[in-house]
Amino acid sequence: MKKGSCAKNKSGMLLALLVLSITIMSCGTDTPLAEYTPSSDQEAAVKNVLLGFEDGVNRRDAQKVAGLIREDAMLMLGRERRLISKPDYLKILPQRLADQPSIALGRPKMALSDNTADVRIYMKRGNARALITFHLTHDDHRWAISGWTY
């Protein structure tokens with residue numbers, strides 16, 4: 001076997017493995033959150049909070065969205081990725097809901113530990129799609145959003 005053909009075969013195999021890896025990693029990113037099957041009661045409760053958030057945003061229901069967010073939450077906004085408090089967010093929420101298109105949340109990757117959950121999930125808004133991490137905290141017998149980052 002020629003030296004050059006061996007290198008070509010290795011390059012071809014590496015390219016095929018890369019394409020296969022990307023395909024596997026992207027599988028399910030367009031699966032709706034509603035179709036996700038939780039593996040525990042805690043995951044089911046977290047899923048319900050996120051479904052409530054999605055529903056509240058899509059119905060432009062500022063009260064519903066506000067009710068899912070902890071009082072001490074810090075929320076990331078805008079291209080500048082600035083963090084704002086819940087009270088500051090509530091001041092702009094009705095206008096944001098009116099100005100923004102509906103959202104669709106995809107299949108989550110949940111990491112739960114004691115009273116916290118970090119949920120990586122794709123959010124589609126209009127033609128844009130972004131990977132968001134929702135941070136949730138469990139207290140007073142319920143899960144609530146304590147922040148999100150992207």
Side-chain angles (χ1 to χ4, degrees), residues 11-150:
S11 295
M13 286 178 49
L14 287 174
L15 180 61
L17 285 173
L18 178 63
V19 169
L20 180 63
S21 297
I22 291 170
T23 302
I24 289 171
M25 290 186 330
S26 67
C27 285
T29 58
D30 290 328
T31 303
L33 174 60
E35 293 180 15
Y36 173 72
T37 303
S39 62
S40 69
D41 290 344
Q42 294 290 56
E43 274 196 10
V46 168
K47 175 186 171 183
N48 286 334
V49 171
L50 295 177
L51 284 171
F53 179 82
E54 180 181 55
D55 182 63
V57 169
N58 291 341
R59 291 178 185 260
R60 285 140 175 68
D61 184 342
Q63 284 187 315
K64 182 171 187 171
V65 172
L68 299 169
I69 301 173
R70 289 174 48 94
E71 293 305 316
D72 61 350
M74 293 301 291
L75 309 165
M76 185 175 281
L77 294 179
R79 292 179 192 204
E80 316 81 40
R81 296 181 175 183
R82 64 186 171 105
L83 294 175
I84 67 169
S85 67
K86 180 181 178 177
D88 289 338
Y89 182 65
L90 295 182
K91 291 175 189 172
I92 62 172
L93 181 59
Q95 190 62 47
R96 285 182 65 83
L97 292 174
D99 292 345
Q100 299 289 330
S102 297
I103 65 169
L105 296 176
R107 185 180 73 198
K109 292 190 187 286
M110 296 191 193
L112 280 75
S113 174
D114 297 324
N115 294 333
T116 63
D118 291 322
V119 183
R120 292 177 48 128
I121 192 166
Y122 279 96
M123 180 171 70
K124 288 175 68 173
R125 183 182 293 260
N127 293 328
R129 187 172 98 164
L131 181 61
I132 309 289
T133 302
F134 283 92
H135 309 285
L136 293 91
T137 304
H138 185 267
D139 59 8
D140 296 328
H141 308 292
R142 73 179 196 110
W143 286 95
I145 298 169
S146 54
W148 57 69
T149 54
Y150 47 89

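This one's a predicted model, so the numbers in the text were calculated from it and none came from an experiment.
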Do you know the tightest heavy-atom contact between Gln100 and Arg60? O-NH2, 2.7 Å

Does Ala66 offer a backbone N or O that forms a donor-acceptor pair with the side chain of Lys86 under 3.5 Å? yes

For Tyr150, is there any backbone N or O sitting under 3.5 Å from a side-chain donor or acceptor partner on Arg81? yes

Indicate whether any N or O donor in one side chain lies under 3.5 Å from an N or O acceptor in the other, for Ser39 and Glu43. yes

Restricting to non-hydrogen atoms, name the atom on Pro108 and the atom on Ile121 that form the minimum distance, rounded to 0.1 Å. CB-CD1, 4.0 Å

Answer with yes or no after comparing the ring centroid distance for Phe53 and Trp148 against a 6.0 Å cut-off, counting only values under it. yes

Looking only at heavy atoms, what is the nearest atom pair of Ala73 and Gly147, with distance? CB-N, 4.4 Å

Quick one: pull up CZ in Arg70 and CG in Leu75 and give me the separation to the nearest 0.5 Å. 11.5 Å

Closest non-hydrogen contact found for Asn115 with Trp143 is O-CZ3, 3.7 Å

Which heavy atom of Leu77 sits nearest to which heavy atom of Ile92, and what is that distance? CD1-CD1, 3.7 Å

One should read off an interatomic distance between Arg96 CZ and Lys91 NZ, to the nearest 0.5 angstrom, of 15.0 Å

Taking atom CG of Leu68 and atom CG of Leu136, what is their separation to the nearest 0.5 Å? 9.5 Å

side-chain contact (heavy atoms from CB on, under 4.5 Å) for Ser146 and His138? Distances and angles first, verdict last. CA-CA 9 Å; Ser146 54; His138 185 267; over 6 Å; no

Under the side-chain contact (heavy atoms from CB on, under 4.5 Å) criterion, do Met74 and His135 qualify, and how do the steps go? CA-CA 10 Å; Met74 293 301 291; His135 309 285; over 6 Å; no

Expected output: side-chain Asp61 to main-chain Gln63 donor-acceptor under 3.5 Å: yes

Would you say Asn58's side chain and Ile103's backbone share a donor-acceptor pair under 3.5 angstrom? yes

Check against side-chain contact (heavy atoms from CB on, under 4.5 Å), Tyr36 and Leu50: CA-CA 12 Å; Tyr36 173 72; Leu50 295 177; over 6 Å; no

Please test Leu51 against Asp55 for side-chain contact (heavy atoms from CB on, under 4.5 Å), starting from the C-alpha separation and ending with a verdict. CA-CA 6 Å; Leu51 284 171; Asp55 182 63; over 6 Å; no

Minimal non-hydrogen separation, Ala117 against Leu112, with atom names: CB-CG, 3.9 Å

